[in-house]
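Okay, structure first, notes after.
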Amino acid sequence: MEFLSCRVIVHPRDRDRSLAFYRDGLGLAVFREFPGGTVFFLGGGYLELSGQGGSAASPDLALWLQVRDLAATAAELADRGVELAREPRLEPWGLREAWLADPDGVRIVLVEVPADHPMRLDSRTP
């Protein structure tokens with residue numbers, strides 16, 4: 001099986017509010033727009049806002065967004081008026097994380113992978 005691309009689809013309750021959050025608040029670049037939807041670049045994948053959501057987001061779902069510099073990202077978000085639910089901190093599993101949520105409550109985890117974290121180490125045998 002081969003997967004060629006990845007897209008997360010979010011059905012916002014208020015499209016304009018969510019569009020402003022992801023475009024202006026998080027600063028995501030628009031990949032394409034179509035009637036009733038907008039697709040953003042999201043690292044190695046895409047985030048699509050389309051359709052109409054009918055309820056708040058499930059606490060069982062979160063977007064995990066890796067950033068190069070968590071402190072700088074948190075400061076930039078603050079400058080844009082985006083509030084963090086939890087300030088950056090080093091987690092017991094070795095990642096630096098900050099938490100926030102979109103207007104519908106979709107949990108977003110901002111992650112910085114420190115240089116010495118196992119995720120950055122080459123696990124291939126020579």
Side-chain angles (χ1 to χ4, degrees):
M1 181 179 319
E2 181 180 15
F3 298 100
L4 302 177
S5 185
C6 172
R7 185 181 297 193
V8 175
I9 301 173
V10 174
H11 300 295
R13 289 187 286 177
D14 180 331
R15 185 177 181 284
D16 291 338
R17 182 179 65 174
S18 291
L19 181 64
F21 173 81
Y22 285 103
R23 183 193 59 216
D24 306 328
L26 292 188
L28 298 182
V30 174
F31 169 65
R32 70 180 285 260
E33 295 180 289
F34 56 91
T38 301
V39 181
F40 295 98
F41 287 105
L42 191 61
Y46 302 94
L47 173 76
E48 177 180 320
L49 292 180
S50 63
Q52 178 71 44
S55 61
S58 168
D60 298 332
L61 172 73
L63 297 177
W64 192 91
L65 306 179
Q66 184 179 349
V67 299
R68 290 188 191 283
D69 184 330
L70 186 59
T73 299
E76 186 176 342
L77 290 172
D79 288 345
R80 294 179 181 188
V82 176
E83 294 184 32
L84 297 178
R86 200 188 77 185
E87 295 295 319
R89 69 174 70 157
L90 182 63
E91 297 294 348
W93 45 89
L95 297 175
R96 294 192 39 77
E97 295 184 2
W99 300 348
L100 64 147
D102 84 354
D104 290 329
V106 173
R107 293 180 314 125
I108 299 171
V109 182
L110 301 175
V111 179
E112 178 184 335
V113 181
D116 62 345
H117 192 276
M119 288 175 65
R120 289 202 186 255
L121 300 177
D122 187 349
S123 61
R124 297 174 291 181
T125 53

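From a predicted model like this one, the values you see are computed outputs, not experimental measurements. The analysis underlying the following values was restricted to heavy atoms, covering all of them including side chains, and did not include hydrogens, waters or symmetry mates.
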Least distance between heavy atoms, Ser18 atom then Pro12 atom: OG-CB, 3.3 Å

Name of the residue among Leu100, Asp104, Leu28, Asp14 meeting side chain to side chain contact (heavy atoms under 4.5 Å, CB included) with Phe21: Leu100

Glu83, CD: over 12 other non-hydrogen atoms inside 6.0 angstrom: no

Shared hydrophobic cluster for Leu95 and Leu84 (ILVMFWY, side-chain gaps under 4.5 Å): no

hydrophobic_cluster_shared for Tyr22 and Val30, side chain cutoff 4.5 Å: yes

Same cluster (ILVMFWY, side-chain, under 4.5 Å), Val111 and Leu63: no

ILVMFWY cluster, Val109 and Val106 together (side-chain gap under 4.5 Å): no

Aromatic ring pairing Tyr46/Phe41, orientation class (parallel under 30°, perpendicular over 60°, tilted between): tilted

Thr38 side, atom OG1; Arg32 side, atom CZ - distance, nearest 0.5 Å: 10.0 Å

Heavy-atom closest pair, residues Glu48 and Arg7: OE1-NH1, 2.7 Å

Full working for side-chain contact (heavy atoms from CB on, under 4.5 Å) between Leu65 and Thr73: CA-CA 11 Å; Leu65 306 179; Thr73 299; over 6 Å; no

Criterion side-chain contact (heavy atoms from CB on, under 4.5 Å) on Val39 and Phe34, from CA distance to verdict: CA-CA 8 Å; Val39 181; Phe34 56 91; 3.8 Å; yes

Rounded distance [0.5 Å steps], CG in Asp102 versus CZ in Arg17: 8.0 Å

Donor-acceptor contact present, side-chain Arg96 to main-chain Pro114, <3.5 Å: no

Main-chain N/O of Ala98 paired to Glu87 side chain as donor or acceptor, under 3.5 Å: no

Closest non-hydrogen atom pair between Ser50 and Ile9, with its separation: OG-CG2, 3.8 Å

Side chains of Glu97 and Pro88 in contact at under 4.5 Å (non-hydrogen atoms): no

Step-by-step side-chain contact (heavy atoms from CB on, under 4.5 Å) determination, Phe40 to Val8: CA-CA 10 Å; Phe40 295 98; Val8 175; over 6 Å; no

Shared hydrophobic cluster, Trp93 / Trp99 (ILVMFWY, side-chain heavy atoms < 4.5 Å): yes

Rounded distance (nearest 0.5 Å) linking atom CZ of Arg68 with atom CD of Gln66: 8.5 Å

